[in-house]
K.L.:
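To start, I am sharing the structure in question, which I have written as C-alpha cells.
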Protein chains: 2
Amino acid sequence: MQRMNIATDTRSRIIAAAKPRFHSRSYANVGIQEICESAGVQKGSFYHFFPSKRDLVMAVIDEFADDWAHGFVAEAFDPALPPMERIDYLIDAAYFWQKSIKEVHGRMLGCIFGNLTLEVSTQDDILRAKLLAIFTRAKSRFRVTLEQAVATGIIPPLDTALTAEAMLAYLEGVILLAKAQNDPEVLYRLGPAIKTLRIETGKV
Amino acid sequence: MQRMNIATDTRSRIIAAAKPRFHSRSYANVGIQEICESAGVQKGSFYHFFPSKRDLVMAVIDEFADDWAHGFVAEAFDPALPPMERIDYLIDAAYFWQKSIKEVHGRMLGCIFGNLTLEVSTQDDILRAKLLAIFTRAKSRFRVTLEQAVATGIIPPLDTALTAEAMLAYLEGVILLAKAQNDPEVLYRLGPAIKTLRIETGKV
DNA sequence: TTGGTAGATGACCGTTCGGTCAAAAAAATC
DNA sequence: GATTTTTTTGACCGAACGGTCATCTACCAA
C-alpha cells in the first residue's frame, strides 16, 4: 500500500529465505531461527512482520502460487494452444522443473503444495484451507481446458469437473512417486498418461 | 527368537502407541517423550529397544505394511476375484477405511506411506528407501493383476508395469486430494477412474 | 551361589523450538 | 523541530526436542 521501497525488504528477504527451505525440507523441520539467520534478520523483527510461523508459510504458499501462475502455468494454459496440448505442456514443464531442481539440489523436491498438505492438513485447518484453495484453482484450470476440448470435439464428452480433479490427483500422485524414487524420470514415464483419465458424465 | 512372552511386550506397546500418532500427525510432530508417556514406558527403556526415532518409525512402517498385507490388500488381490474387480475392491476398501477413520477421528488421515514420503524423503535416504520398497511391492500387486487381465483378454494389451505404477500414483494422488478436503467422498468420486488409466507398450 | 544379562528406572545432557518484550533507532508525519 | 509510527535490536521465556547414562531389578544358567 504505502512505502514499499526498502521498508518491506526485510519481509521479502524472510520469505525468500523461507521458500527453498520449506520446499526442500518440511514445515516442522525448518525453524524460525534458521530463517532469520539466513535472511540476516533478528527474531524480534521477524515477529514484527509475521504474527506466527503459520503466517510465514502462508506467505510462502502465496509466493509459490504466484510463481506458478506467472510461469509454467501461464505458458501451459495459454488459450492459443490446442486444449490437450496445454496438458502435455504442463506435464513437460513439471518434469523439466523437477529435473533442474534435482540437478542443482541433488534431490527431487516435489510439489510444495502436496508436501505441505500431507504434513499439516490434519493439524491445522487454516493451512489446509489455504492449500485446498490452491488445488481448487488448479482444478479449474484443468476443467476449463477440458471444457474447450469437449466443445471443439477434440475429445468425447465427459464430466469435465470430475476428470479435471482426477487429473490433478494423478499429477500429484506421480510427483509423490517420483519423490519416493528421487527420480524425475518417473514424471516423464507416467506423466503423459494423464490424458487417458476419463470420468463419464451423468452417473445417476 | 527367544523369550517373546512378556519381555518384548514393552516394544509392542511403544509401537502401538506410535502408530496412530505418526499416522494422524507427522514424523516431526510426534515426540518420543509423548510416545513413552502413552505407552507407560520410560525413556531409557525406549532406547533400549530402538536405537533412534528413525528405527521406531521404520518398525511402524513395517507394522502398517503388515496390516495392509493381511487385511484389505489380501482381500482385494484375491486371485479368486476377476482381475479388474480386485482393483474396484481395493478402491472400495480404501474409501471405507478412510471414511471410518474420519468418523472416529474427525479427520481423514490418508496414507501413512504417502504422508511420510513427502515429509522425510528429502531428508533421510534410509527412510526413503524403506518407503520406496513399500511402493514397489504395491506396484507389483497392480502389475500382476493387470497381467492377468491382459492374459485373459479382459482388457486390451498395455504396458502392465507402467500402468501399474500409474495406478498406484493415481491412488496416492486421490488420497492426497481427499486429505486436502478432509473428505473421503473424494475417493468415492475419483477412485473408480483408476481403471481408465492406460500406458501402451513399446513406445520406442 | 554366583555371574551374566536383559530390561527398567529416572535424572540428566545440550540444543532447539516458537514466541515475547522493553528499549533503541530510524523514518515518516505534522 | 517535535511527535508519532514503523522497524530493529538482542536478551529472554518456558517447553520440548532426541538422546545418554549410571544404577537398579529380575530372571536365567552354570
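Convention: sequence-line order gives letters A, B, ...; per-chain numbering from 1.
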K.L.:
With a 4.0 Å cut-off on N to O distance, would you call B:K130 and B:D62 a salt bridge?
P.N.:
yes
K.L.:
If you compare all heavy atoms of A:C111 against all heavy atoms of A:E172, which two are closest, and at what distance to 0.1 Å?
P.N.:
SG-OE2, 3.1 Å
K.L.:
Kindly write out the residues that satisfy side-chain contact (heavy atoms from CB on, under 4.5 Å) with A:A138, not counting sequence neighbours, or none if the list is empty.
P.N.:
A:L168
K.L.:
Strictly below 4.0 Å: does A:H48 bring a side-chain N or O up to OP1 or OP2 of D:dT7?
P.N.:
yes
K.L.:
Taking all heavy atoms of B:R21 and all of B:V30, pick out the closest pair and write down the distance.
P.N.:
O-CG2, 3.5 Å
K.L.:
Roughly how many Å is it from CG in A:D124 to C1' in C:dG18, rounded to a whole number?
P.N.:
14 Å
K.L.:
Please list every donor-acceptor pair under 3.5 Å in which a side-chain atom of residues 69-83 of chain B meets a protein atom from a residue at least two apart or in another chain.
P.N.:
unit_1	atom_1	unit_2	atom_2	d
B:H70	ND1	B:D66	O	3.0
B:E75	OE1	B:Y89	OH	2.6
B:D78	OD1	B:A80	N	2.9

K.L.:
Nearest whole angstrom, please: distance from the P of D:dG10 to the OH of A:Y47.
P.N.:
18 Å
K.L.:
What residue pairs, at least two apart or across chains, pass side chain to side chain donor-acceptor pair (under 3.5 Å) with a residue in residues 40-52 of chain A?
P.N.:
A:S52-A:D55
K.L.:
If you compare every side-chain N and O of A:T10 against the phosphate oxygens of D:dT8 (OP1, OP2), does one of them come in below 4.0 Å?
P.N.:
yes
K.L.:
Give each protein N/O atom lying under 3.5 Å from an N/O atom of nucleotides 9-17 of chain C, with the pair distance.
P.N.:
unit_1	atom_1	unit_2	atom_2	d
C:dG10	O6	B:G44	N	3.3

K.L.:
Polar pairs (N or O, both sides) under 3.5 Å between protein and nucleotides 23-26 of chain D?
P.N.:
none

K.L.:
Identify the two heavy atoms, one from B:T117 and one from A:L176, that lie closest to each other, and give their separation to 0.1 Å.
P.N.:
CG2-O, 4.0 Å
K.L.:
Take atom CZ of B:F49 and atom P of D:dG19, then tell me their distance rounded to the nearest Å.
P.N.:
17 Å
K.L.:
Name all residues meeting the side-chain contact (heavy atoms from CB on, under 4.5 Å) criterion together with A:E63; count only those two or more places apart in sequence or in a different chain, and write none if there are none.
P.N.:
A:I15, A:K19
